Amino acid sequence: MGKKRRFADILCVVAVALGVMVFALIVDGLAFLGMKYVFHLDFSQEYRQVKEISQLRFWKSWDEKVYIRYPFGLRPIEKREDVPEQEKPMLSWLDGGVYDVTDFGESVAWYDWKKDAVFIGNAQGEIQKTFEVVYDVEKLAFSPDERYLLVYEIDYKGEITDDEYCYYRVIDLENGTQYTVYAGYREWFRVYWEEQ
């Protein structure tokens, strides 16, 4: 009878310990997700491949803070009421499927949602390069030296819950490689390159 009693006590202790561990993991996971959203954590390191990453800025209008990418995500560097506006080039040859367009020097970049692609060309509409994208593109921006193109994509799930995952990718225009420099759930920023 003593062995059965001890076995039942051990089983009870193990069950309580497992319950506490599961509860701790759930609380820890929720705390991490909350910190990730509040502190804009992102531990991926792809951004290190972009030479001009220090010039890339993320601006959030609700707290009017400008952030930069660093090893653990985004870090605030200043408070600003607004960010530089980028004028959209008026190109008569663009059709209704084009969502965003930007230019820099002689180059023009545009996103065509019907073709799910970003095109690089000139002001006359001659396409020089094409890059496929995974999600809907919201913003395009050339880097100051015209080597990189920032592509801000949002994965709209199309559900009532409004699940929207944001991806900030940089395309190296020399070799076509795409780097995700930041990503997060409902992490909506206005992005631009700071001239130095």
Side-chain angles (χ1 to χ4, degrees), residues 21-86 88 97-102 109-118 131-143 148-172 176-194:
M21 286 175 44
V22 167
F23 179 74
L25 284 173
I26 291 171
V27 169
D28 189 41
L30 291 173
F32 176 76
L33 289 175
M35 285 178 48
K36 180 177 179 357
Y37 186 71
V38 170
F39 296 111
H40 310 295
L41 299 177
D42 181 355
F43 297 106
S44 63
Q45 299 296 305
E46 273 189 50
Y47 78 94
R48 292 177 182 261
Q49 304 299 317
V50 180
K51 291 187 170 98
E52 294 181 11
I53 195 68
S54 63
Q55 292 177 265
L56 188 58
R57 302 291 188 261
F58 300 80
W59 181 74
K60 187 161 253 185
S61 61
W62 69 269
D63 64 2
E64 296 179 343
K65 287 184 183 174
V66 176
Y67 297 84
I68 60 169
R69 186 66 165 95
Y70 83 118
F72 304 115
L74 298 182
R75 176 173 59 92
I77 58 168
E78 67 176 307
K79 194 165 176 87
R80 290 180 65 163
E81 291 183 17
D82 202 359
V83 296
E85 282 294 325
Q86 177 187 352
K88 306 264 185 222
V98 171
Y99 183 78
D100 192 34
V101 60
T102 186
W110 65 94
Y111 165 63
D112 190 326
W113 64 270
K114 291 178 185 173
K115 298 177 182 167
D116 266 339
V118 170
F131 302 99
E132 290 184 10
V133 292
V134 181
Y135 305 111
D136 294 335
V137 173
E138 294 291 317
K139 174 81 172 140
L140 299 169
F142 281 105
S143 64
Y148 300 105
L149 179 69
L150 173 82
V151 179
Y152 166 30
E153 298 176 61
I154 296 182
D155 179 11
Y156 292 106
K157 300 286 188 195
E159 305 292 330
I160 297 172
T161 58
D162 241 355
D163 287 340
E164 296 169 357
Y165 209 83
C166 304
Y167 298 91
Y168 299 86
R169 303 186 208 282
V170 170
I171 300 173
D172 186 332
T177 307
Q178 294 189 27
Y179 304 104
T180 301
V181 295
Y182 183 71
Y185 173 70
R186 303 187 87 180
E187 293 279 347
W188 303 302
F189 292 96
R190 287 213 16 227
V191 283
Y192 63 97
W193 297 87
E194 185 74 33

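Note that the structure is predicted; figures quoted are calculated from it, not measured. Hydrogens, waters and symmetry mates play no part in the numbers below; they use all other heavy atoms, side chains included. Note that the numbering runs from 1 along the sequence shown for the chain.
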Legend entry - Under 3.5 Å donor-acceptor, R69 side chain and V181 backbone: yes
Legend entry - Polar side-chain atom of W193 near backbone of E52 as donor-acceptor pair, under 3.5 Å: no
Inset, instruction - Could you walk me through whether E164 and W188 pass the side chain to side chain donor-acceptor pair (under 3.5 Å) test, one step at a time? - result: CA-CA 9 Å; E164 296 169 357; W188 303 302; 3.3 Å; yes
Inset, instruction - Go through the steps for K79 and V66 under the test side chain to side chain contact (heavy atoms under 4.5 Å, CB included), then give the verdict. - result: CA-CA 6 Å; K79 194 165 176 87; V66 176; over 6 Å; no
Legend entry - Partners passing side chain to side chain donor-acceptor pair (under 3.5 Å) against S61 (at least two apart in sequence or in another chain): none
Legend entry - Distance, nearest 0.5 Å, that separates OH of Y156 from CG of D136: 6.5 Å
Legend entry - Contacts of F189 that satisfy ring-ring contact (aromatic ring centres under 6.0 Å, His included) - sequence neighbours left out: H40, F58, Y67
Inset, instruction - List in chain and number order the residues that pass ring-ring contact (aromatic ring centres under 6.0 Å, His included) with Y148, two or more places apart in sequence or in another chain; answer none if no residue qualifies. - result: none
Legend entry - Closest approach of T180 to E46 (non-hydrogen atoms, all atoms of both residues): N-OE1, 2.9 Å
Legend entry - Minimum heavy-atom distance between V191 and K139, given as atom pair plus value: O-CE, 3.6 Å
Legend entry - Y168 OH to L150 CG distance, which is reported to the nearest 0.5 Å: 9.0 Å
Inset, instruction - Compare every heavy atom of I154 with every heavy atom of C166, then report the nearest pair and how far apart it is. - result: SG-CG1, 4.2 Å
Inset, instruction - Please tell me if the side chains of Y111 and D116 come closer than 4.5 Å, counting only heavy atoms from C-beta onward. - result: yes
Legend entry - Set of side chain to side chain contact (heavy atoms under 4.5 Å, CB included) partners for R48, sequence neighbours left out: Q45, P71
Legend entry - Counterpart residues, ring-ring contact (aromatic ring centres under 6.0 Å, His included), relative to Y47 (two or more places apart): none
Inset, instruction - Return the set of residues passing side chain to side chain contact (heavy atoms under 4.5 Å, CB included) with E153 (not counting sequence neighbours), or none when no residue passes. - result: V133, V134, Y135, V137, V151, Y167, R169
Inset, instruction - First locate atom OH of Y152, then atom CD of E187, and finally report the distance between them rounded to the nearest 0.5 Å. - result: 9.0 Å
Inset, instruction - Quick one: closest heavy-atom pair of F131 and Q178, and the distance? - result: CB-NE2, 4.2 Å
Inset, instruction - Could you grab the distance from atom CZ of R57 to atom CZ of R80, nearest 0.5 Å is fine? - result: 9.0 Å
Legend entry - pair Q49-V170: side-chain heavy atoms closer than 4.5 Å: no
